[in-house]
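This structure is a prediction, so every number in the text was calculated from the model and none was measured.
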Amino acid sequence: MDTTVVPIWIYMVVTILSTLHADRNVYPSAGVLFVHVLEREHFKGEFPPYPKPGDSSNDPITFNTNLMGYPDRPGWLRYIQRTSHSDGVLYGSPTAEHVGKATIIEIIAYNRRTFETARHNLVINIMSTEEYPLPYQAEFYIKNMNVEEMLASEVLGDFLGAVKNVWQPERLNAVNITSALDRGGRVPLPINNLKEGVYVMVGADVQFSSCLREVENSQNQLRCSQEMEPVISCDKKFRAQFDIDWCKINLVDITKMIMIHSNRPDPGTGVLPDIGGYNPPPESLKSRDFFADFLITLAVPSAVAMVLFSVLGYSMCCRREGVIQLVHHSSIQKSTKELRSMSKNREISWPLSTLPVFSQSEEVVPPIHPDNYETTSMPLMQTQTNLQNQIQIPQQQPSGDRENYCMSTFRRLEASILVWFCLKESLNYRREYFILHLI
């Protein structure tokens with residue numbers, strides 16, 4: 001009879017693999033904080049070591065956790081891993097609804113160097129407790145801590161010890177821990193070692209101590225409304241390690257809470273009723289005549305435009321005010337044209353202030369520009385470049401003849417009278433228009 005000898009190292013390998021791939025069972029209590037650390041060292045044995053002997057294995061490993069058969073974790077369970085070289089942490093607070101139900105969490109570890117994976121199962125068996133829930137709960141906001149730092153057993157034990165010295169209950173449990181980012185907090189700047197902040201819910205079986213209720217007095221409430229720190233006598237017991245924002249402390253007495261039960265509608269089976277197959281429209285569709293729509297689209301705007309045009313024409317041409325405005329406008333245009341025609345026939349192009357008051361010369365200076373020249377854009381003050389084509393002003397010559405002097409003076413007087421007449425007509429039209437408006 002042949003006997004096969006199996007080397008002992010094969011048994012060792014099988015034992016190690018069975019240990020690594022076996023489902024791990026944990027038994028948290030309802031209403032008590034549950035923390036489970038995913039240690040990187042526990043998964044390194046399933047990945048190949050470094051090719052060179054003697055090198056320390058420090059592979060970057062990340063974890064993916066989800067409820068078996070679902071893409072995400074249960075609502076009460078959270079997961080955090082700050083970097084690929086740190087351990088992951090599962091934490092949360094199960095409720096009484098989950099008691100007696102085995103929750104299987106799939107844990108997949110990814111090796112970012114070799115791109116290999118390892119899969120484990122974590123079976124969470126939630127147990128019921130007699131003191132659930134603790135009747136008195138206090139929520140603290142710690143500003144100088146991140147959630148992964150607070151989840152460490154040593155740090156959480158120190159905080160519960162400080163709370164116990166202040167509260168002095170018989171039973172004290174950490175109920176829940178929540179990151180300030182999950183409450184709408186802002187990510188801190190990477191300066192001065194700023195932290196995200198964390199909310200810690202603690203439950204006890206006795207009334208709140210006087211120190212915890214100091215924040216409820218009127219003076220501290222006023223200081224909190226003015227964004228000032230309240231005066232708390234027991235703050236020194238926390239200040240050495242924990243920076244607590246006492247304005248955000250929340251004291252809850254479950255015994256005084258009113259339970260409201262809402263009647264939820266029946267969710268149903270989630271399956272739509274069978275209403276038959278899809279009935280597509282027929283291929284031969286009836287043609288539609290758009291001529292009537294086209295006429296309506298053009299007729300309505302055209303009718304509105306004609307009515308507005310008629311109203312505007314009646315108000316401008318048939319009403320007395322409109323006629324007066326038209327006459328006044330035409331008179332202004334007529335006066336403007338007369339003044340422009342007179343300015344074209346002026347004898348000199350320089351300002352009158354530079355000329356003598358009375359010209360004693362018999363010579364008449366011809367105009368610089370022809371009759372059809374547009375003088376509305378002519379500058380009042382002539383520059384050197386404008387004067388290059390001007391004629392020289394004739395020198396005054398003494399003469400005993402006074403006839404030319406009288407004729408020149410008469411022409412200037414005639415022009416002044418004409419300008420005055422035009423201005424007077426314009427003022428008369430304006431006065432008549434103003435009187436009509438007053439009537």
Q) Are there more than 12 heavy atoms of other residues, nucleotides or ligands under 6.0 Å from atom CD of Gln333? A) yes
Q) When the ring planes of His98 and Trp76 are compared, do they come out parallel, tilted or perpendicular, using 30° and 60° as the limits? A) tilted
Q. What is the distance from atom OG1 of Thr83 to atom CD1 of Ile61, rounded to the nearest 0.5 Å?
A. 11.5 Å
Q. How are the rings of Phe294 and Phe291 set relative to one another: parallel (under 30°), tilted (30 to 60°) or perpendicular (over 60°)?
A. tilted
Q. Does CD belonging to Glu227 count more than 12 external heavy atoms closer than 6.0 Å?
A. no
Q: Say whether, by atom type as modelled, one donor and one acceptor occur between the side chain of Ser225 and the main chain of Leu222 under 3.5 angstrom.
A: yes
Q) Can you tell if the side chain of Leu67 reaches within under 4.5 Å of the side chain of Leu77, non-hydrogen atoms only? A) no
Q.
So which atom in Glu214 and which in Asn217 form the shortest heavy-atom distance, rounded to 0.1 Å?
A. O-ND2, 2.6 Å
(Q) Would you compute the distance between atom CD1 of Ile254 and atom CG of Leu134 and round it to the nearest 0.5 angstrom? (A) 7.5 Å
Q | Inter-residue atom distance Asp158.CG - Ser153.OG, 0.5 Å rounding | A | 9.5 Å
Q: Before giving the answer on side-chain contact (heavy atoms from CB on, under 4.5 Å), spell out for Arg78 and Arg73 the whole-Å C-alpha distance, their side-chain angles and the decisive distance to 0.1 Å.
A: CA-CA 7 Å; Arg78 297 185 180 93; Arg73 298 174 299 276; 5.5 Å; no
Q) Please walk me through it: do Val231 and Gln219 pass side-chain contact (heavy atoms from CB on, under 4.5 Å)? A) CA-CA 9 Å; Val231 180; Gln219 295 181 357; over 6 Å; no
(Q) Taking ring-ring contact (aromatic ring centres under 6.0 Å, His included) as the cut-off, I'd like each qualifying pair that reaches into residues 178-207, sequence neighbours left out, listed once. (A) Tyr141-Tyr199
Q) What's the shortest heavy-atom distance between Pro135 and Ala204, and which atoms? A) CD-O, 3.5 Å
Q: Check the pair Arg82 / Glu196 against salt bridge (Lys or Arg N to Asp or Glu O under 4.0 Å), numbers first and verdict last.
A: CA-CA 12 Å; Arg82 187 67 62 175; Glu196 298 172 356; 2.9 Å; yes
Q) Asn66 versus Asp72: any side-chain heavy-atom pair under 4.5 Å? A) no
Q.
Testing the basics here: between Leu38 and Asp87, what is the closest heavy-atom pair and its distance to 0.1 Å?
A. O-CB, 3.4 Å
Q) Rounded to the nearest 0.5 Å, how far apart are CZ of Arg213 and OG of Ser210? A) 10.0 Å
Q. Between Asn173 and Leu33, is any pair of side-chain heavy atoms under 4.5 Å apart?
A. no
Q | Minimal non-hydrogen separation, Met150 against Leu156, with atom names | A | O-CB, 3.5 Å
Q. Can you find a pair of side-chain heavy atoms, one from Asn121 and one from Ile107, that are under 4.5 Å apart?
A. no
Q) Closest approach of Lys143 and Lys195, non-hydrogen atoms and distance? A) O-CB, 3.6 Å
Q) Could you go step by step and tell me if Asp59 and Arg113 meet the salt bridge (Lys or Arg N to Asp or Glu O under 4.0 Å) rule? A) CA-CA 6 Å; Asp59 293 347; Arg113 182 180 65 87; 2.8 Å; yes
Q. Around atom CD of Glu216, are there more than 12 heavy atoms of other residues, nucleotides or ligands at under 6.0 Å?
A. yes
Q.
For Phe238 and Trp246, take the angle between the two ring planes, folded into 0 to 90°, and tell me which bin it lands in: parallel under 30, tilted 30 to 60, perpendicular over 60.
A. perpendicular
Q: Please assess Ile177 against Met201 for the test side-chain contact (heavy atoms from CB on, under 4.5 Å), listing each intermediate value before the final yes or no.
A: CA-CA 6 Å; Ile177 292 180; Met201 177 73 76; over 6 Å; no
Q.
Under the side-chain contact (heavy atoms from CB on, under 4.5 Å) test against Leu122, which residue among Thr103, Leu90, Thr65 passes?
A. Leu90
Q.
Please check this pair: side chain of Trp167 against backbone of Ala162, looking for a donor-acceptor N/O pair closer than 3.5 Å.
A. no
(Q) Taking the six-membered ring of Phe43 as reference, does the cationic atom of Arg40 (NZ for Lys, CZ for Arg) lie under 6.0 Å from its centre and within 45° of its axis? (A) no
Q | Tyr136 vs Val252 side-chain heavy atoms within contact, under 4.5 Å | A | no
Q: Over all heavy atoms of both residues, which pair between Ile249 and Val215 is shortest? Give the atoms and the distance, please.
A: CG2-CG1, 3.5 Å
Q.
Using side-chain contact (heavy atoms from CB on, under 4.5 Å), reason through Phe159 and Ile244 one step at a time and then give a plain yes or no.
A. CA-CA 11 Å; Phe159 178 75; Ile244 297 178; 4.2 Å; yes
Q. Quick one: which of Glu41, His42, Glu46 gives a side-chain hydrogen bond (donor to acceptor under 3.5 Å, both in side chains) with Lys44?
A. Glu41
Q. Charged N to carboxylate O under 4.0 angstrom, Arg183 versus Glu139?
A. yes
(Q) Could you measure the distance from the CG atom of Asn176 to the CD atom of Gln137? Nearest 0.5 Å is fine. (A) 9.5 Å
Q: Tell me, with the steps shown, if Glu116 and Asn111 meet side-chain hydrogen bond (donor to acceptor under 3.5 Å, both in side chains).
A: CA-CA 5 Å; Glu116 295 185 355; Asn111 190 323; 6.0 Å; no
Q: Report the residues that fulfil ring pair (Phe, Tyr, Trp, His ring centres under 6.0 Å) with Tyr91, sequence neighbours left out, ordered by chain and then residue number.
A: none
Q.
Is any side-chain heavy atom of Leu151 closer than 4.5 Å to one of Val147?
A. yes
Q: Would you give the length of the straight line joining atom CD of Glu39 to atom CZ of Phe63, rounded to the nearest 0.5 angstrom?
A: 9.0 Å
